[in-house]
Amino acid sequence: AYYEKVGFRGVEEKKSLEILLKDNPLDVEKLCTFSQRFPLPSMYRVHVWKVLLGILPPHSESQALVAGYRREQYTDVLQALQVMRFLHAATPQVEVYLRMFQLEGQELPRLSELTPPEEEDEDFLAIAKAMEEIVEDPVDCYWLIKCFVNQFNNKFGDSIPHLPKSLEHYLSQEDGRLLAHLKACGALRRLPHSLWFRRCFAGCFPESSLQRVWDKVISGSCKILVFVAVEVLLSYKIMLMAMNKPEAIVQFLSSMPQENTDAIVTKAIDLWHKYCGTPMHSV
Amino acid sequence: FLEDVKGQAKAELQASESRVQAQRKVTQALQTELLQLYSRLDSPPGGASEPCGPHNTRPAG
Amino acid sequence: FLEDVKGQAKAELQASESRVQAQRKVTQALQTELLQLYSRLDSPPGGASEPCGPHNTRPAG
């Protein structure tokens with residue numbers, strides 16, 4: 001019965017999204033609210049992400065023109081990097097995206113000083129790798145990576161340093177004993193915050209779970225990341241309580257089992273709605 | 001309605017201008033590389049020691 | 001009046017388009033120059049042998 005209900009709900013949600021997508025121009029605010037409340041049906045996900053990130057304009061008459069511009073820009077940048085010998089046939093695709101992003105951000109090193117990607121690039125590469133799994137078309141993929149990363153940094157850059165504190169707060173509400181244990185053994189400060197809050201769980205969750213988290217991030221919430229982290233900790237409470245070495249805890253959390261990440265995300269979204277409320281904009 | 005038309009035009013213009021910006025970044029990068037290469041060409045070939053130059057110190061990928 | 005707004009938007013977009021084309025000509029010229037420089041650098045100063053190996057076998061672009 002539970003699945004029936006979920007399935008039914010899914011159909012209703014899909015219908016109401018289809019109605020929203022017929023609007024011309026698209027109501028971006030309503031699409032945001034929809035994505036905050038419901039998971040996006042996978043067949044519409046890339047399209048909605050592109051609209052939310054401003055890659056596609058809301059007016060349907062403009063979309064083909066703008067899509068053409070996006071493709072041209074992609075080709076121009078890619079081609080220049082090839083001529084400059086920054087890219088070769090063997091260059092991994094995610095590194096191609098990195099160099100393109102660096103060129104557009106005026107952060108491309110000189111060719112003579114070029115080194116393999118460094119640690120500071122790892123967050124970008126992890127996000128790119130995950131996006132590559134979700135999005136087939138390389139032009140869409142590059143634009144989504146670029147706009148996701150830029151929007152995330154612009155919008156949430158100031159909030160990110162506060163997320164560990166927020167995690168501690170909500171964990172204390174949900175499970176004081178677990179929090180006390182993590183504090184006592186010195187693991188709390190060493191949790192994989194960067195993996196969770198800078199990479200938005202890229203490389204940590206399989207894409208099927210990850211994209212449901214990114215629906216929320218792209219539509220405007222970075223707080224969801226805190227609740228996902230809380231649920232990760234709660235889900236593995238028994239194991240974590242049995243570990244006393246912070247290294248072991250960090251190690252375990254950095255390469256988590258991949259089995260029940262879907263359940264973790266579902267619970268995290270519920271928890272997030274519980275604390276932060278469900279966006280009520282009618283859709 | 002007028003606002004709507006204006007909004008639409010603005011979105012198109014922004015997307016078009018984004019291409020111009022990208023082209024400018026490409027120009028800058030090309031100029032930087034050209035300058036580097038010219039300075040390599042200007043230094044005498046028999047000189048300092050690196051016959052193959054820095055371009056092959058880089059792993060391909 | 002609406003036609004006026006639309007006409008203006010169209011003119012702005014055209015101006016942007018011609019900026020793109022102008023920039024593209026610049027980058028094309030720079031790329032051509034870069035390719036030429038590379039081919040000069042890739043062919044060794046003295047002879048026909050290629051001491052610097054595989055980096056110059058790769059077609060750029």
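Everything numeric in this text was worked out from a predicted model, so none of it was measured. Residue numbers begin at 1 in each chain, while the letters A, B, ... track the order of the sequences.
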Point to revise | For C/R40, all residues meeting salt bridge (charged side-chain N to carboxylate O under 4.0 Å, His left out), sequence neighbours excluded | key: none
Revision key, fill the gap. With sequence neighbours left out, the residues meeting side chain to side chain donor-acceptor pair (under 3.5 Å) with B/S16 are B/R19, C/S16
Review point. Which atom pair, heavy atoms only, marks the closest approach of B/T27 to C/T27?
Key: OG1-CG2, 3.2 Å
Exercise for review: Report the distance from atom CG of B/L34 to atom CD of C/Q36, rounding to the nearest 0.5 Å.
Suggested key: 10.5 Å
Review point. Heavy atoms under 4.5 Å from chain C: which residues of residues 7-15 of chain B carry them?
Key: B/A9, B/E12, B/L13
Exercise for review: Count the heavy-atom pairs under 4.5 Å between each of B/Q23, B/Q31, B/E17, B/K6 and chain C, then report the option with the highest count.
Suggested key: B/Q23
Review point. What part of B/V20 is in contact with chain C, defined as an atom under 4.5 angstrom from a non-hydrogen atom: side chain, backbone, both or neither?
Key: both
Review point. For C/E33, what residues pass the salt bridge (charged side-chain N to carboxylate O under 4.0 Å, His left out) criterion, not counting sequence neighbours?
Key: none
**Study point:** Side chain, backbone, both or neither of C/V26 within contact of chain B (heavy atoms, under 4.5 Å)
**Key:** side chain
